[in-house]
Amino acid sequence: MQTQPLLIVDRLSKSFGSNQVLKDISLTIAGGDVTCIIGASGSGKSTLLRCLNRLETPDAGTVYLEGAPVGMKWSKDRLYEMSPKELAGQRRAMGMVFQGFHLFPHLTALENIMQAPRTVKKEKTEDARGYALELLDRVGLVEKAQFYPHQLSGGQQQRIAIARSLAMRPKVMLFDEPTSALDPELVGEVLWVMKSLAQDGMTMAVVTHEMDFAREVANHVVFMDAGYIVEEGAPADVLGNPQHARTKTFLSRVS
């Protein structure tokens with residue numbers, strides 16, 4: 001496992017109107033880390049995740065990917081906002097999987113996975129197709145290559161969404177409650193794919209309410225409450241022996 005930080009969050013703050021959702025958040029994610037971010041609804045988890053790749057623009061603070069500020073660039077010793085094109089290039093290193101699947105309904109599973117490598121990275125069709133088939137096999141859906149999204153279950157669609165993000169060969173994967181929209185019996189097939197990614201050393205930041213997944217797969221757990229990081233550390237510590245009263249109360253409600 002790498003030891004140098006892949007992602008650094010430095011004193012991040014974000015408000016929506018008068019509601020301050022993130023309050024001076026600092027966080028480090030090393031290469032190969034699986035960081036699970038937990039907490040009650042409204043604690044700021046998803047906003048933090050969306051700030052990592054600048055889907056939300058922080059009001060203060062900076063996110064660094066491999067030492068480079070995300071969404072910003074240096075000029076004459078000052079940071080300036082990147083152009084949308086430059087930011088899009090930087091985002092390629094960060095795959096993101098949402099609660100909803102957001103697949104293109106008019107494209108097959110295979111075409112959904114091939115789309116970005118062909119149009120964004122200008123890969124040859126045969127190369128994009130070959131890698132897409134590898135990814136379909138990896139998520140256990142190679143036999144569904146020619147199926148359209150409406151022909152797939154929610155769990156299958158989410159696995160295709162994961163494969164689509166992996167097709168861009170990201171350095172880190174961001175998951176925003178990827179199982180929350182699924183029926184309970186479909187959750188396991190998505191978590192299986194995520195566990196396999198973790199075993200292969202993929203750096204992951206996962207907003208989740210799946211405590212068993214956090215215990216088994218994460219090596220770093222962050223508990224958020226009211227816009228703050230209240231407690232963080234190894235799963236055995238945060239989940240097994242929490243020190244803060246708010247962490248204890250939260251875990252008593254979800255365990």
Side-chain angles (χ1 to χ4, degrees), residues 1-14 21-22 24-41 43-58 61-71 87 90-100 102 158 161-166 168-180 190-191 193-225 227-235 238-239:
M1 184 181 293
Q2 300 177 29
T3 56
Q4 73 270 26
L6 182 66
L7 274 171
I8 297 174
V9 180
D10 182 31
R11 295 173 294 177
L12 212 65
S13 295
K14 175 67 179 177
V21 180
L22 298 179
D24 200 35
I25 297 287
S26 292
L27 178 67
T28 298
I29 299 176
D33 271 0
V34 177
T35 297
C36 281
I37 305 168
I38 65 172
S41 297
S43 59
K45 309 183 302 296
S46 292
T47 300
L48 171 58
L49 200 74
R50 292 171 66 87
C51 282
L52 295 183
N53 64 356
R54 220 167 173 85
L55 286 178
E56 296 289 354
T57 303
T62 309
V63 177
Y64 297 91
L65 175 66
E66 294 187 316
V70 176
L87 176 57
Q90 200 174 39
R91 280 189 181 133
R92 295 177 197 173
M94 293 185 277
M96 188 156 187
V97 178
F98 300 89
Q99 296 178 33
H102 303 302
Q158 191 63 296
I162 293 171
R164 183 177 61 179
S165 290
L166 292 172
M168 295 296 284
R169 297 176 170 84
K171 296 175 180 177
V172 58
M173 286 287 287
L174 311 177
F175 293 88
D176 188 5
E177 299 198 37
T179 61
S180 65
V190 174
L191 295 181
V193 172
M194 295 171 65
K195 289 175 186 177
S196 73
L197 291 177
Q199 290 166 357
D200 289 345
M202 173 62 74
T203 307
M204 298 162 59
V206 185
V207 171
T208 185
H209 58 270
E210 301 288 344
M211 294 301 113
D212 287 342
F213 175 84
R215 289 186 184 93
E216 181 182 349
V217 180
N219 63 323
H220 185 206
V221 174
V222 174
F223 171 67
M224 293 186 65
D225 184 75
Y228 293 100
I229 292 179
V230 173
E231 193 165 350
E232 64 176 309
V238 177
L239 302 178

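Scope of the values below: all heavy atoms of this structure, side chains included, with no hydrogens, waters or symmetry mates. Position 1 is the first residue of the sequence, and the numbers go up from there. Quick caveat: nothing in here was measured; it's all calculated off a predicted structure.
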(message) Quick check: closest heavy atoms across I38 and K45, and the distance to 0.1 Å?
(response) C-CD, 3.4 Å
(message) For the backbone of L48 and the side chain of E56, can you confirm whether one donor and one acceptor N or O come within less than 3.5 Å of each other?
(response) no
(message) For the CD1 atom of I29 and the CD1 atom of I8, what is their distance to the nearest 0.5 Å?
(response) 10.5 Å
(message) Can a side-chain donor-acceptor contact be found between S13 and D24 if the only test is distance below 3.5 angstrom?
(response) no
(message) Quick check: do P58 and L22 have side-chain heavy atoms less than 4.5 Å from each other?
(response) no
(request) Start with the C-alpha gap between Q99 and S180, add the side-chain angles, then the distance that decides, and say whether side-chain hydrogen bond (donor to acceptor under 3.5 Å, both in side chains) holds. (result) CA-CA 6 Å; Q99 296 178 33; S180 65; 3.3 Å; yes
(request) Looking only at non-hydrogen atoms, find the nearest pair between H220 and P235 and report the distance. (result) N-CD, 4.1 Å
(message) Would you say that D10 contacts Y64 through its side chain, given a criterion of any heavy-atom pair below 4.5 Å between the two side chains?
(response) yes
(request) Specify the closest pair of heavy atoms between P178 and V97, including all atoms of both residues, with the distance to one decimal. (result) CB-CG1, 4.3 Å
(message) Please evaluate residues F98 and E177 with respect to the criterion side-chain contact (heavy atoms from CB on, under 4.5 Å), reporting the C-alpha separation (whole Å), side-chain torsions for both, the decisive distance (0.1 Å), and the verdict.
(response) CA-CA 7 Å; F98 300 89; E177 299 198 37; over 6 Å; no
(request) Would you give the length of the straight line joining atom OG1 of T28 to atom CG of D33, rounded to the nearest 0.5 angstrom? (result) 9.5 Å
(message) So which atom in L65 and which in A93 form the shortest heavy-atom distance, rounded to 0.1 Å?
(response) CD2-CB, 3.8 Å
(request) Find the distance between CG (L197) and CD1 (I162) and round it off to the nearest 0.5 Å. (result) 6.5 Å
(message) Is it the case that the side chain of E232 and the backbone of M224 share a donor-acceptor pair, with hydrogens and angles ignored and the cut-off at 3.5 Å?
(response) no
(message) Can you confirm whether L174 sits close enough to N53 that some side-chain heavy atom of one is under 4.5 Å from a side-chain heavy atom of the other?
(response) yes
(message) I'd like to know whether L87 forms a side-chain contact (heavy atoms from CB on, under 4.5 Å) with R54, so could you lay out the CA-CA distance, the side-chain angles of the two residues, the decisive distance to 0.1 Å, and finally the verdict.
(response) CA-CA 8 Å; L87 176 57; R54 220 167 173 85; 4.2 Å; yes
(request) List the steps and the verdict of side-chain contact (heavy atoms from CB on, under 4.5 Å) for I37 and V206. (result) CA-CA 6 Å; I37 305 168; V206 185; over 6 Å; no
(message) Tell me whether T203 contacts the main-chain N or O of V172 through its side chain, where contact means a donor paired with an acceptor under 3.5 Å.
(response) no
(message) Any heavy-atom pair between the side chains of V34 and M194 that's under 4.5 Å?
(response) no
(request) Would you indicate whether the side-chain heavy atoms of T179 and H209 approach each other to under 4.5 Å? (result) yes
(request) State, to 0.1 Å, how close L6 and K171 come at their nearest heavy-atom pair, and which atoms those are. (result) CD2-O, 3.6 Å
(message) Can you tell me how far apart CG (L27) and CZ (R11) are? Round to the nearest 0.5 Å.
(response) 14.5 Å
(request) To the nearest 0.5 angstrom, please state how far the CE atom of M173 sits from the CZ atom of F175. (result) 4.0 Å
(request) Answer whether the closest heavy-atom distance between the side chains of M202 and L166 falls below 4.5 Å. (result) yes
(request) Can you measure from CE (M96) to CZ (R164) and round to the nearest 0.5 angstrom? (result) 12.5 Å
(message) Go through it in stages, so that I can follow the logic: the residues are V221 and T35, the test is side-chain contact (heavy atoms from CB on, under 4.5 Å), and I'd like the CA-CA distance, side-chain angles, deciding distance and then a yes or no.
(response) CA-CA 6 Å; V221 174; T35 297; over 6 Å; no
(request) Report the residues that fulfil side-chain contact (heavy atoms from CB on, under 4.5 Å) with D225, sequence neighbours left out, ordered by chain and then residue number. (result) F223, V230, R246
(message) If I compare all heavy atoms of V21 with all of G44, which pair ends up nearest, and what's the gap?
(response) CG1-CA, 3.8 Å
